[in-house]
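Notes for the one structure printed next.
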Protein chains: 2
Amino acid sequence: MEKYRVTFLPDQKEVEVNEEALLIEAAEKAGVYLNSLCGGEGVCGKCRVQIIKGNAKVDGNSVTFFTKEEIEKVYTLACQTRVRENLEILIPPESRIEEEQILGESIENQRKNWRESPPIHYSDPDWVSLHKRPNDPASLFEPLTNKIYIELPKPTIDDNIPDSGRMVRELRRKLKYPSYEITLPCLQDLFLKIRRSDWKITATLFRHNEMGQILQIEEGDTADRNYGAAVDVGTTTVVTQLVDLKTGKVIGVEGNHNLQAHYGEDVLSRIAYVCGKGSLDLLQKAVVENINRLIEILARTKEIKVEDITCIVAAGNTTMSHILLGLMPCSIREDPYIPTVDLYPPISAKEIGVHINPQGIIHVLPSIASYIGGDTVAGILACDMANRPETTCLIDIGTNGEIVIGNNEWLLSCSASAGPAFEGGDTKWGMRATRGAIEKVEINGARVLYETIGKVKPRGICGSGLIDLIYGLARSKILEIDAKFSPSLQDKRIVRGENGMEYIVAFPEETETGEALTIAQTDIDNIMRSKAAIFAAIKSLIDYAGLTFDQLEKIYVAGGFGNYLNIEKAVGIGLLPDIPRKRIEFVGNSSLMGARMALLSFQVFEKAVGISQSITNIELSKFALFADEYMASLYLPHIDRERLFPSVKF
Amino acid sequence: MEKYRVTFLPDQKEVEVNEEALLIEAAEKAGVYLNSLCGGEGVCGKCRVQIIKGNAKVDGNSVTFFTKEEIEKVYTLACQTRVRENLEILIPPESRIEEEQILGESIENQRKNWRESPPIHYSDPDWVSLHKRPNDPASLFEPLTNKIYIELPKPTIDDNIPDSGRMVRELRRKLKYPSYEITLPCLQDLFLKIRRSDWKITATLFRHNEMGQILQIEEGDTADRNYGAAVDVGTTTVVTQLVDLKTGKVIGVEGNHNLQAHYGEDVLSRIAYVCGKGSLDLLQKAVVENINRLIEILARTKEIKVEDITCIVAAGNTTMSHILLGLMPCSIREDPYIPTVDLYPPISAKEIGVHINPQGIIHVLPSIASYIGGDTVAGILACDMANRPETTCLIDIGTNGEIVIGNNEWLLSCSASAGPAFEGGDTKWGMRATRGAIEKVEINGARVLYETIGKVKPRGICGSGLIDLIYGLARSKILEIDAKFSPSLQDKRIVRGENGMEYIVAFPEETETGEALTIAQTDIDNIMRSKAAIFAAIKSLIDYAGLTFDQLEKIYVAGGFGNYLNIEKAVGIGLLPDIPRKRIEFVGNSSLMGARMALLSFQVFEKAVGISQSITNIELSKFALFADEYMASLYLPHIDRERLFPSVKF
């Protein structure tokens, strides 16, 4: 088979591939990461590239994604284009996943980035370790893996119990586990280590159910060197916190884009990819690679040994959790939508290729249902919903909106398929909350003020920007109550485009691409469907519980909005309920915080198991009134503004 | 390095070895198994071979083991002789381990051998499976691994629990385990297997503590194909029973000589070998090879798949159990004689290279102390000592004599270092109970009647033969009460040899070697030390318990006596206590039976754990009166015959 060289610009990355290789595969091999919403099906048009030199073979009807000018400039979809000679390919900014941008920065910059403008906001990041609620079992500090230094009395004829019993006797004095179990490799090490160290050893124990599993024996006192990692396995990004398990303190955090993105942007397209082409292994390896890279960077910059990381707690949606563990996710998207498992057994990290201590453990937080995963359970933990008598609500806005309502006596959950509008999908200029995304918008007459992430020229607009934009358009009466462009309006920013009316957010000279950044009626319709689905889900759940919104002590809002969400405007467009604004809190990545809490407290992990098994999950498709609620929510802010949104005045 | 060819006669087995290889290593490589009591130290003189052709290099002072004639015929010790040219070596019968003899026979003969003259005698081999004592928890039939066929209701929107929970729900209806855990490989299989089989699957579960571990999922109904193996890992022989775990029936049994014998005959020499030269791995592999061979033969002849064997329960002394699991046994022979572990964790068979089902388990019965192992625990199970109100006694006679006394309320144990006299060591013509061994002796005036195993010319005399012989010599007044040859006696069989007085058991023309088979005063002294150590241990334990012998409802005698032990004569020489003979029962291999009982009943395994943790083990070295008892027992039958052996009349 012939081999050809493909060079990717502007990075000048070169790779050799076989004849007939897809460009998207070549890009992956070269370490260039392209957008792909549909998982390589040729239907989302996100993996646009330009062929600068050479000829390629184009499959499918992808021509429909390009203008006449673009076709002349040899634009093509990387997932539909095959190599048949040496090529030079230019990746336009909009097709690029900002992987290199994050990882390519110097370590020092990366750390600074995460520290100075953390994408993760905690109301109180040290909650667990500070023992703020000493009477609350959930606040007990007891990491899943403990290192215990013990000095064993030497055996005598009067005290002649075996080595292992001798060790367990001392452990029992320090840790009150009901029972202990030792792995064979540990037992095989015991004889020599115990004697070489003059009967002074450190044992690493993993707590699971009633059992303390002895994972490792080290000579001498190594109890100071015990680390864990909390991992938020998001569909889009993977974020890892390195935690000192001796003190409970976070000592570092790093994130990267989920490498599975090449196989589809959202969970549904990734499931389709896995179950259609049968390459679960490929996706599992991708996310394991994400985790390994993060851990390696954290270990290097924090100057700790990877072998001293003894436990990982991971939180992810049900699909991400399944793929991480190598479990087929296919039934998740087939009626009646059941996963393989909800309570994931703790496993040896090396079983799935994660590089930490060879005996180290990965424990994935339990799921609730196919579309309510361990990330939601983590959110419930982070917001302490299941321990408090007052009723609170957690709203996680993503392609799937997850809603939880409850208190220490009951919990209800549901999920609504909201579409990716708030995550950068379903709109022409939508993008994720990364560099170049407009995250804040204010419309002031004919002027549009906006801010981009990284303070650079805009490349697109992310979820929080879209909320601001819709709010601004409604307030300026450019959009009517039914979210349609007002037909009578005269505005130089309102033009007629290919898909009907469009509003120009940024003129060509302002943008990175040199094209006008617009929002069309079809884009607005998609955003309205997303916000209606989420609000209808919240309203349905509140009704199911027999409550009204003002009975909610707190609404926690989570989701991929980066650093920023304007609560006032989110209420204004009818995305969030109209309750006093100080009772609504944007919690950012509650998944990561919940994972860390479970890592640092066996009782919190047990609580998570209890939550996953006792929560009542409502299938909205079975809930008769949901469709009515949805219809009533397709307005700005709602068809029943007087009763439901009394404080919203445009 | 030069290579040379060594040919072993009479089998004509050839092997190529490096220059300077030891002959004993060459023999092992050729599959010729030589006796070695001392583990290659050159001090036991058991690995005698004759160099027929070629010259070799002899280390050490091994010449002292040979007569002038033997030295002229170029006899040497294989463990002290190094190859430096091509050689032809004759293995004399006395140096050979009868490994090939057993394994070389046709399978049909082997089975016949085991079936027709079983070396293992059970009072009731089907005790466990027949549920004879329905009220006795120990008789409950519940194999450690169970295969359960279940048909799962297909998921619907109203019954949408995950695959794994769906499976566990059905399992819970059939098995009352407190909790269930599933391994990752199983979970990874679940999605496809459950659907390919139309939701009809068979799960294999291993019961451990309160947990049912799901080891394997098979499509359809395979519950009929579930087998286990009970393995008695003896220092000398390894015996395996194949058991149908569905019915509890034994379907085959095979045995072979422990391949560790090349590294030392008894546990002490094997520990010395491991801890001196650091080759634990070699000894572990040897016994794993024993087990793999037996399982392979059993599977082949019984026409079952090795993959359908899901569990092994092994019983062995503490050293054998340690070596099997790859645990250093060194501290067992160092003051204060503690092992690494007494409760062995259940492990995956593949972790130590045993070939059964890839997910299959090996669970080793717990030990009590360094010199009271899982084989003794198995004996307690087999004799049902711990469940019955009446007090009974178990005496296992070997290089180490193990004694247990007790009932359902208490158990006492001790071990006495008895020496290998009853197992063929410590006497010039002693041998194990294999082909050619004299196992019965009767002295009738000048005539000596004897029977050999296999009805062939005698090659030596085994433990039961020695008991008969000493009894005969005492009864004929050839030995006096202090076990010394009567000085005044005239008998053509009594001669003066190199080591003082000798009694000729078989004249040269009767024996296989053509030499007279004799017992010398030194041999008798060694036997007397063995029997005195064992009786003194029994007596000490009885005194410690505050009992007298007549309070024992039963004495069970176990040990490597082959098929036969004359109870009357064993009492007669003062080896066993003088109680009514019908209360003394020879139970043969109680270790294997106990292992099978534990394999077939989780409750029995739990009982074994309870026994190992609750039994009181007495250190005889700390027991002041033991030395006196020992001195008083160096007589035939005892210095206090009137009180302790009233029924013995010579």
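As a basis for the values below, the full set of heavy atoms in this structure was taken, side chains included, without hydrogen atoms, waters or symmetry mates.
When each of A:Leu187, A:Thr318, A:Asn209, A:Asp335 is scored by its heavy-atom pairs under 4.5 Å with chain B, the top score falls to A:Leu187. Of the listed residues (A:Tyr344, A:Phe191, A:Tyr337), the one with the most heavy-atom contacts under 4.5 Å to chain B is A:Phe191. For the options A:Ile182, A:Leu325, A:Leu190, heavy-atom pairs under 4.5 Å to chain B are most numerous at A:Leu325. Note on A:Ser331, A:Gly165, A:Ser348: by heavy-atom pairs under 4.5 Å with chain B, the leading option is A:Ser331. When each of B:Leu343, B:Leu280, B:Asn160, B:Ile194 is scored by its heavy-atom pairs under 4.5 Å with chain A, the top score falls to B:Asn160. Among A:Pro345, A:Pro185, A:Pro339, A:Gly326, the residue making the largest number of heavy-atom pairs under 4.5 Å with chain B is A:Pro339.
Both the backbone and the side chain of A:Thr340 come within contact range of chain B, with heavy atoms under 4.5 Å apart. Residue A:Asp189 does not touch chain B at all, counting heavy-atom pairs closer than 4.5 Å. With a 4.5 Å cut-off on non-hydrogen atoms, A:Ile347 touches chain B through its side chain but not through its backbone. No part of A:Ile332 comes within reach of chain B, as not one of its non-hydrogen atoms sits under 4.5 angstrom from that chain. Residue A:Met211 touches chain B through its side chain alone, counting heavy-atom pairs closer than 4.5 Å. For B:Gln188, the parts sitting under 4.5 Å from any heavy atom of chain A are the backbone and the side chain alike.
Note that the CD1 atom of A:Ile361 and the CG atom of A:Leu144 stand 9.5 Å from one another [nearest 0.5 Å]. Put simply, CD1 on A:Ile214 and OG1 on A:Thr183 are 8.5 Å apart, with the number rounded to the nearest 0.5 Å.
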Which side-chain N or O atoms in residues 616-625 of chain B pair as donor and acceptor under 3.5 Å with protein atoms at least two apart or in another chain?
unit_1, atom_1, unit_2, atom_2, d
B:Asn617, OD1, B:Ser413, OG, 2.8
B:Lys622, NZ, A:Asp158, OD1, 3.0

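Counting heavy atoms of neighbouring residues, nucleotides and ligands inside a 6.0 Å radius, atom NZ of A:Lys285 does not exceed 12 of them.
The two residues B:Asp163 and B:Trp199 come nearest to each other via the heavy atoms OD1-CH2, 3.9 Å. Listed here is the closest heavy atom pair of B:Ala537 and B:Phe626: N-CE1, 3.6 Å.
In the model, A:Ser197 has no side-chain atom that pairs as donor or acceptor with a side-chain atom of A:Glu219 under 3.5 Å.
When the ring pair (Phe, Tyr, Trp, His ring centres under 6.0 Å) test is applied to B:His208, the partners found at least two apart in sequence or on another chain are B:His363.
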